[in-house]
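Naming convention: chains lettered A, B, ... in sequence-line order (proteins, then strands); numbering from 1 in each chain. Owing to the predicted nature of the structure, the values given are computational and were not obtained by experimental measurement.
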Amino acid sequence: MHEWSLAQAVIYTAIEYQKKNKLKKINEIKIKLGELQQIDREIFEFALKEIAHLKKIKASIKIKTEKAILKCRVCTHKWKFSEAIKKLDEDKREFIHFVPDLVHVYLRCPKCKSPDFEIIRGRGVWVESIKGD
Amino acid sequence: MDPRLNIIDERLKNIKRIIAVSGGKGGIGKSSIASALALILSKLNYRVGLLDLDFCGPSVHVILGVDDLFPKEEKGIIPPKICGIKFMSIIYYVSDEPSLLRGVDISNAIIELLAITRWGSLDFLIIDMPPGIGDPTLDVIRLMKRIEFLIISTQSKTALETVKKILKMLKELKVSILGIIENMRIVESSFVMDELKTFGVPFLGKINFDKSFEEAVGNPSKLLKTRFVQDLKKIVLNRSEFKGK
């Protein structure tokens, strides 16, 4: 249920946005879910609905997922997390789920074996846009 | 928009005081003091949390002998308790693997931990800071608005040089400085106090070098009996800076 805390962060972001922009209501929240964090979408959506209801936010929530791409800083090789994750056991996958940056602890560049790579995209939860009036 | 940034205040709202134990140089006793301070405050019946932010060299778990503990997942992460202290560290997720993280990754991991950790109500959250005045220091200053810095120095001229830089930076950023503790004192001298007098920061006290400390590492009951902890306890009991709110 770690998804709950991230869903709460999204709703708090919408509330903050509403306050800052002096909006009467929030109509739409667009969220991007980075694959690296391996969010359970069902739980996340349920949590979003529950927290939005509690906080009286009646917005349409649109979620899209983004594939995670990693790029080696040493040899510039790019690779997909979805391929690399197959080699990780359940525990390591879970650790990356809690703190996505720990991918550096458990993965290496498939080409040159370096741990010095960057997460180009698809890290975690991101609010793309909020609309309201 | 990074949603995690908007939940951190909510996660910290029931914590009365947040104290970052810092000092710049490695090996000057930041982790030992952070761990001992948490133990002392917990023994004084305060509700205490302890966060090890030294991701590249976490050591609080070694000092406190944390073994076989793992955070509970419940609408976030609930830190497990050791000796009554809620303890959070990256160590739960990296075990004995090295954390090969660059600055940007460290910042992201700090934000993640602050966004998902549910501390509940605490009188004190003690943070063991990594050496240096880079990303983690700037991150806690940015993300934890009520933070107070406890600065550790030794009699070493090299340690003092870095301490001066930290004090200068904290003063410039108008961050609250609780005071300075002189650790690992070997000779009777007012050198540290004299050198840092110009900063106008309270000199809280001194802790003598304690050879027996290393033997007590990993055993909180033994740690509490060391001269090191007794020296620190005197400072905590005698100084108003450590009173709960």
Side-chain angles (χ1 to χ4, degrees), chain A residues 1-20 29-34 36-37 40 43-44 47-48 50-51 55 73 91-109 114-119 123-130, chain B residues 1-13 51-53 55-58 68-80 88-120 135-136 139 143:
Chain A
M1 292 289 272
H2 155 244
E3 278 78 0
W4 195 279
S5 60
L6 296 168
Q8 197 184 12
V10 169
I11 301 300
Y12 274 65
T13 300
I15 294 167
E16 198 58 36
Y17 184 89
Q18 185 176 10
K19 272 188 214 161
K20 251 188 195 164
I29 307 170
K30 276 189 181 171
I31 303 162
K32 195 166 69 180
L33 281 186
L36 192 59
Q37 195 149 30
D40 184 322
I43 296 175
F44 184 67
L48 277 172
E50 290 287 307
I51 302 163
K55 295 286 174 187
R73 284 193 178 97
D91 280 351
K92 288 170 185 166
R93 288 180 192 199
E94 190 168 287
F95 297 159
I96 296 170
H97 163 62
F98 286 121
V99 185
D101 315 283
L102 296 184
V103 68
H104 294 280
V105 177
Y106 298 112
L107 285 186
R108 298 289 180 265
C109 167
S114 172
D116 189 10
F117 56 84
E118 53 187 312
I119 304 157
R123 184 198 170 278
V125 181
W126 193 257
V127 175
E128 282 204 304
S129 67
I130 298 169
Chain B
M1 280 172 270
D2 185 344
R4 300 171 303 166
L5 298 174
N6 290 302
I7 200 70
I8 292 174
D9 283 348
E10 173 72 18
R11 298 277 179 256
L12 304 175
K13 76 175 182 189
L51 173 62
D52 190 343
L53 276 192
F55 289 172
C56 295
D68 284 341
L69 288 178
F70 198 77
K72 211 169 115 189
E73 202 182 348
E74 197 183 294
K75 293 184 177 179
I77 299 296
I78 314 276
M88 192 62 192
S89 168
I90 200 84
I91 201 71
Y92 300 126
Y93 309 111
V94 299
S95 189
D96 52 0
E97 298 294 329
S99 304
L100 302 159
L101 302 171
R102 281 183 178 261
V104 62
D105 307 311
I106 290 174
S107 284
N108 250 322
I110 289 175
I111 294 170
E112 198 74 38
L113 280 191
L114 293 180
I116 64 174
T117 305
R118 294 177 58 212
W119 293 101
D135 299 62
D139 283 328
L143 302 166

Chemist: Chain A heavy atoms under 4.5 Å from B/Ala109: which part of the residue, side chain, backbone, both or neither?
Modeler: both

Chemist: What's the spacing between A/Lys92 NZ and B/Glu97 CD if we round to 0.5 Å?
Modeler: 6.0 Å

Chemist: Measure the shortest side-chain to side-chain distance between B/Asp9 and A/Glu16 over non-hydrogen atoms and say whether it is less than 4.5 angstrom.
Modeler: no

Chemist: Within the structure provided, determine whether B/Glu73 and A/His97 are in side-chain contact (heavy-atom separation under 4.5 Å).
Modeler: yes

Chemist: Is it the side chain or the backbone of B/Ile116 that comes within 4.5 Å of chain A heavy atoms, both, or neither?
Modeler: both

Chemist: Please classify the contact between A/Ile11 and chain B as side chain, backbone, both or neither, with a heavy-atom cut-off of under 4.5 Å.
Modeler: neither

Chemist: How long is the span from the CG atom in A/Asp101 to the CG atom in B/Asp105, to the nearest 0.5 Å?
Modeler: 5.5 Å

Chemist: Is any side-chain heavy atom of A/Asp116 less than 4.5 Å from a side-chain heavy atom of B/Leu100?
Modeler: no

Chemist: Is any side-chain heavy atom of A/Trp4 closer than 4.5 Å to a side-chain heavy atom of B/Glu74?
Modeler: no

Chemist: In Å and rounded to the nearest 0.5 Å, what is the CG to OG1 distance from B/Asp2 to A/Thr13?
Modeler: 8.0 Å

Chemist: Looking at B/Lys75 and A/Glu50, is any side-chain nitrogen of the basic one under 4.0 Å from a carboxylate oxygen of the acidic one?
Modeler: no

Chemist: Is B/Arg11 in contact with chain A via its backbone, its side chain, both, or neither, using a 4.5 Å heavy-atom distance?
Modeler: side chain

Chemist: Is the closest side-chain heavy-atom distance between A/Arg73 and B/Arg102 below 4.5 Å?
Modeler: yes

Chemist: Any non-hydrogen side-chain atom of A/Tyr12 less than 4.5 Å from a side-chain atom of B/Glu10?
Modeler: yes

Chemist: Is there side-chain contact between A/Val125 and B/Arg4, with at least one heavy-atom pair below 4.5 Å?
Modeler: no

Chemist: Using the six-membered ring wherever Trp is involved, compare the ring planes of A/Phe98 and B/Tyr93 and label them parallel, tilted or perpendicular (cut-offs 30° and 60°).
Modeler: tilted

Chemist: Tell me, side chain or backbone of B/Tyr92 under 4.5 Å from chain A's heavy atoms, or both, or neither?
Modeler: backbone

Chemist: Which atom pair, heavy atoms only, marks the closest approach of B/Ala115 to A/Ser5?
Modeler: O-CB, 4.3 Å

Chemist: Under 4.5 Å from any heavy atom of chain A, what part of B/Ile8 do you find: side chain, backbone, both or neither?
Modeler: neither

